[in-house]
Amino acid sequence: MPPSTPDAPLELSLRELRQHLDAFLTEYLSDKSDETVGTYRRSLNTFQKWFIQRQGRFQFTEDDVRAYKKYLMEERGLSQVSVSTYLTAVRRLCQYLVDAGHLNENPAKAVKGNRRPETHTRKVLTESDIEALLDAMDDTTPIDKRDVAIVYCMLYAGMSEIELVRADVGDFEHTLMGDVLRVQGKGRTVKDEQVPLDPPVVERIEAYLQARERPNPDKPLFISHGRRSKGKRLKTRSIRGRINQHMKAAEIKRPGITPHSLTHTAALIWLNQGMPLEQVKERMRHGTLDTTMIYYKKQGLLKRDPEELDDMEL
């Protein structure tokens, strides 16, 4: 297939497009994590459906990409973040076609995604929410101890569900610089970061591991204790389900409050304790200080009455 020229845009059959999509996902993204590849695959499934609808009229020009963006915004009604994600996938696919010699230039480079919102859409917990949640949780059974340890890791170490799911027992380390958990974050392929763990978090993890009679280092840190899945690594869906149950039991579940709200709340807790902004940035593993500043400006929310926060977001 000869490369396109400004006067002769790239024309692909559906079969050819699918061949390129397969090569892009399996070869071009071979150094990416399964989660990242999965995100691209889902985004490009939507693009492929759009390509079919266009009946050969999509020829990888800038105008075509702009038409796709308009479709995502107006017909699909996707959020700003979703539109940006879908366009990123198309932009990377076009770059693959450039690198493979099928396009002279990337037509999607000039089509920017929608500006991402400056605030996070998930709300945060208040001090009274935190107190109610912890009071509602038991620590009697191994499942109880596991759930408490998970909540503490999110709330007091700023960890995400995916980081906890991927963690192994051996990733929990006692070093000369303090206790840490080695993590593999979203979009990463290796466990290349260490999350500092304060004593309350360490205490809850230790209590859970004691209840499991000190499992081998290669075992998952958090496992299922159900009959059919006993001993298997927890999934993010399971973690979210359990935390949502505890939130409902504590009567703090309200619109905008999700399990990931615990992770967001960690930054406010540290800021209210007087932790320097740069240290909070490092602990939250933010890419830029601008992201941390969002929390800095909203740190007063931690001490507000939950009823006052119904219309306020972080």
Side-chain angles (χ1 to χ4, degrees), residues 29 31-40 81 84-85 88 113 116-125 130 149-202 204-205 220-222 233-236 239-240 243 257-299 301-302 313-314:
L29 299 181
D31 61 333
K32 303 298 182 182
S33 70
D34 291 342
E35 287 77 12
T36 298
V37 174
T39 298
Y40 277 106
V81 173
S84 295
T85 299
T88 296
R116 292 176 180 264
E118 295 181 355
T119 59
H120 293 287
T121 55
R122 292 184 178 90
K123 297 181 181 179
V124 295
L125 277 62
I130 296 171
I150 288 173
V151 167
Y152 267 73
C153 283
M154 297 177 72
L155 197 54
Y156 297 111
M159 299 182 65
S160 66
E161 296 106 324
I162 190 61
E163 289 173 334
L164 295 176
V165 163
R166 291 171 171 171
D168 294 325
V169 174
D171 296 327
F172 177 44
E173 297 181 337
H174 305 286
T175 73
L176 293 176
M177 301 298 292
D179 300 303
V180 300
L181 185 67
R182 288 187 290 111
V183 300
Q184 175 188 338
K186 183 178 179 180
R188 302 297 184 93
T189 57
V190 295
K191 294 175 180 176
D192 56 356
E193 293 187 275
Q194 291 185 336
V195 176
L197 302 177
D198 294 329
V201 182
V202 174
R204 271 66 183 189
I205 295 176
L221 181 59
F222 296 110
R233 187 181 299 273
L234 273 189
K235 298 180 179 180
T236 53
I239 289 180
R240 290 169 190 158
I243 293 178
I257 292 294
T258 70
H260 200 59
S261 296
L262 274 66
T263 303
H264 285 306
T265 305
L268 301 193
I269 292 174
W270 291 326
L271 288 167
N272 273 267
Q273 292 174 343
M275 184 178 291
L277 196 63
E278 185 65 36
Q279 188 176 348
V280 174
K281 171 184 175 293
E282 295 301 320
R283 280 206 166 200
M284 292 298 293
R285 300 178 296 291
H286 290 155
T288 68
L289 199 61
D290 289 342
T291 302
T292 315
M293 283 300 296
I294 294 174
Y295 295 87
Y296 180 78
K297 295 173 182 177
K298 302 290 186 179
Q299 60 182 298
L301 297 182
L302 191 67
E313 295 179 347
L314 179 65

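We're numbering straight along the sequence, starting at 1.
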If you measure from [atom1] on [X] to [atom2] on [Y], what distance do you get to the nearest 0.5 Å?
X: Glu161; Y: Ile239; atom1: CD; atom2: CD1; result: 6.5 Å
X: Glu282; Y: Leu289; atom1: CD; atom2: CG; result: 9.5 Å
X: Ile243; Y: Leu262; atom1: CD1; atom2: CG; result: 5.5 Å
X: Ile162; Y: Lys235; atom1: CD1; atom2: NZ; result: 12.0 Å
X: Met159; Y: Arg285; atom1: CE; atom2: CZ; result: 6.5 Å
X: Leu181; Y: Leu221; atom1: CG; atom2: CG; result: 6.0 Å

Under a 4.5 Å cut-off applied to non-hydrogen side-chain atoms, are [X] and [Y] in contact?
X: Asp179; Y: His174; answer: yes
X: Tyr295; Y: Val124; answer: no
X: Asp168; Y: Lys191; answer: yes
X: Asp198; Y: Tyr156; answer: no

Results of side-chain hydrogen bond (donor to acceptor under 3.5 Å, both in side chains) for Tyr152 - residues two or more places apart only: Arg204

Atom of Gly158, atom of Trp270 and distance for their closest heavy-atom approach: N-CH2, 3.8 Å

Under 3.5 Å donor-acceptor, Thr265 side chain and Leu125 backbone: yes

Polar side-chain atom of Ser261 near backbone of Lys123 as donor-acceptor pair, under 3.5 Å: yes

For Asp171, the option from Arg182, Gln194, Gln184 that meets side-chain hydrogen bond (donor to acceptor under 3.5 Å, both in side chains): Arg182

